[in-house]
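Provided herewith is a single structure, encoded as structure tokens, for subsequent inquiry.
As the structure lists them, so they are numbered: ligands from 1, and atoms in each ligand from 1. Note that the structure is predicted; figures quoted are calculated from it, not measured.
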Amino acid sequence: MRKPFVAGNWKMNTDSHSSVELVERIVVGASKIAGRAVTIAVCPPFVYLQAVAQAVSASSVAVGAQDVYFEQNGAFTGEVSPAMLKDVGCTYVICGHSERRHIIGETDEMINKKIAAALAGGLLPILCIGELLGEREAGQTNKVVTRQIEQGLAGLSAEKLSAVTVAYEPVWAIGTGRTATPQQAQQVHRLIRELLAKIYDEPLAAEIRILYGGSVKPDNCAELMAQPDIDGSLVGGASLKADDFLAIIESAAV
Ligand code: 13P
């Protein structure tokens, strides 16, 4: 049985005051559903990680970073290593978010190195994958997602894979208010799980949590969560409003 997982990706939002205020409200709300199975994480900007991690330290809410570099230390101006993220209290790290792929120019090869470095540094990576609108319209969704999984996870042992979460985020659904239908999302989640079973094996593929992301809101999360291969969500905009994020967590908790 896969434990539901809801993570908030705050992207480049909040400030030193509002980041702590937001997470404090989430901690209070989450304490009311403590005892029900759900993993909760928030992913603030790098500069607020430490303050947010301190604010959640006595709670069940975990903290993740939005990115990581694949080297341990040295002359890599502006980058942040897995050890640094661990040091300030991170448990998770998002790797290969579509905004990093398509705005910053990250490649599958870089993302693969980030996943490996994150795992080596004791972090739990959330590998983001998903097709562009044009790719979906050209019937290439399966091909794109397959490439992102195969290259993103290349060289990873079964033991390492068990620490990875996958997030399917169709790019056309991110920040657009245009959510994938539960059926569209389920079809790709199924494909991802079958692919993991082919690369590794079925019992392991059945253990891996696959989150959906892309305009997840309180009013559409329940029908997404009802799909057999959707194990939670990676929430952008709605994770910046404590009440909305808590409603999404509530509907995922079992
Ligand atoms: P939105 O929920 O704002 O569409 O963002 C999704 C996302 O990119 C989460 O990583």
Side-chain angles (χ1 to χ4, degrees), residues 4-14 18-19 22-23 26 39-46 48-49 52 61-68 90-106 111 114-115 118 123-133 135-136 141 144-145 148-149 152 164-182 184-185 188-189 192 209-225 227 230-252:
F5 183 6
V6 179
N9 175 8
W10 294 0
K11 307 192 180 183
M12 200 170 73
N13 292 297
T14 71
S18 64
S19 57
L22 173 60
V23 84
I26 292 166
T39 304
I40 305 167
V42 294
C43 304
F46 281 136
Y48 308 129
L49 282 169
V52 169
V61 177
V63 175
Q66 298 173 17
D67 185 31
V68 65
C90 287
T91 305
Y92 295 93
V93 61
I94 296 172
C95 296
H97 189 277
S98 75
E99 285 143 20
R100 297 209 60 83
R101 291 178 187 266
H102 300 296
I103 301 174
I104 315 291
E106 282 190 13
I111 294 159
K114 290 182 175 199
I115 298 264
L123 294 164
L124 305 175
I126 302 172
L127 168 63
C128 296
I129 59 170
E131 81 286 2
L132 296 160
L133 181 60
E135 292 167 337
R136 173 161 283 262
T141 300
V144 170
V145 165
Q148 291 172 333
I149 285 281
V164 175
T165 299
V166 176
Y168 169 58
E169 302 202 299
V171 182
W172 47 272
I174 294 178
T176 58
R178 192 179 155 189
T179 325
T181 65
Q184 282 175 323
V188 180
H189 281 233
I192 296 165
R209 292 187 289 191
I210 307 175
L211 315 184
Y212 169 80
S215 299
V216 174
K217 304 273 183 293
D219 63 3
N220 61 22
C221 56
E223 55 176 3
L224 286 160
M225 276 307 292
Q227 299 300 312
I230 299 184
D231 306 313
S233 45
L234 183 52
V235 187
S239 73
L240 295 168
K241 296 180 198 131
D243 291 344
D244 284 2
F245 190 55
L246 288 164
I248 294 167
I249 294 166
E250 176 83 44
S251 90

**Request:** List the closest protein heavy-atom neighbour of atom 5 (O) of ligand 1: residue, atom name, distance to the nearest 0.1 Å.
**Result:** K11 NZ, 3.2 Å
**Request:** List every atom of ligand 1 that sits less than 4.0 Å from any heavy atom of S215, numbering the atoms from 1 in the order shown and giving each element.
**Result:** 1 (P), 2 (O), 4 (O)
**Test of proximity, G236 against ligand 1: N or O pairs below 3.5 Å** = yes
**Prompt:** Counting only heavy atoms, which portion of A173 has something under 4.0 Å from ligand 1: side chain, backbone, both, or neither?
**Reply:**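 Backbone only.
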**Request:** Could you list the atoms of ligand 1 found under 4.0 angstrom from a heavy atom of G214?
**Result:**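 In order of numbering, the contacting atoms are 4 (O), 6 (C).
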**Fill in**
ligand 1 to L234, heavy atom cutoff 4.0 Å, flagged ligand atoms 9 (C), 10 (O)
**Fill in**
Short version for N9: what comes under 4.0 Å of ligand 1, heavy atoms counted, is side chain
**Request:** Considering only non-hydrogen protein atoms, determine which one is nearest to atom 9 (C) of ligand 1 and report residue, atom name and distance to 0.1 Å.
**Result:**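 The protein heavy atom lying closest is E169 OE2, 2.8 Å.
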**Asked** Going by the order shown, which atoms of ligand 1 are within less than 4.0 Å of some heavy atom of G175?
**Response** 1 (P), 3 (O), 4 (O)
**Message:** Between W172 and E131, is there a side-chain donor-acceptor contact under 3.5 Å, judged purely by atom types and distance?
**Reply:**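 Per modelled atom types, E131 and W172 side chains form a pair under 3.5 Å.
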**Request:** Please write down residue, atom name and distance for the protein heavy atom closest to atom 3 (O) of ligand 1.
**Result:**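 Heavy-atom neighbour on the protein nearest atom 3 (O) of ligand 1: G237 N, 2.8 Å.
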**Message:** So for atom NZ, which belongs to K241, do other residues, nucleotides or ligands contribute more than 12 heavy atoms lying within a distance under 6.0 Å?
**Reply:**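 Result for NZ/K241: open.
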**Request:** For the residue pair F5 and Y92, categorise the inter-ring angle as parallel (less than 30°), tilted (30 to 60°) or perpendicular (more than 60°).
**Result:** tilted
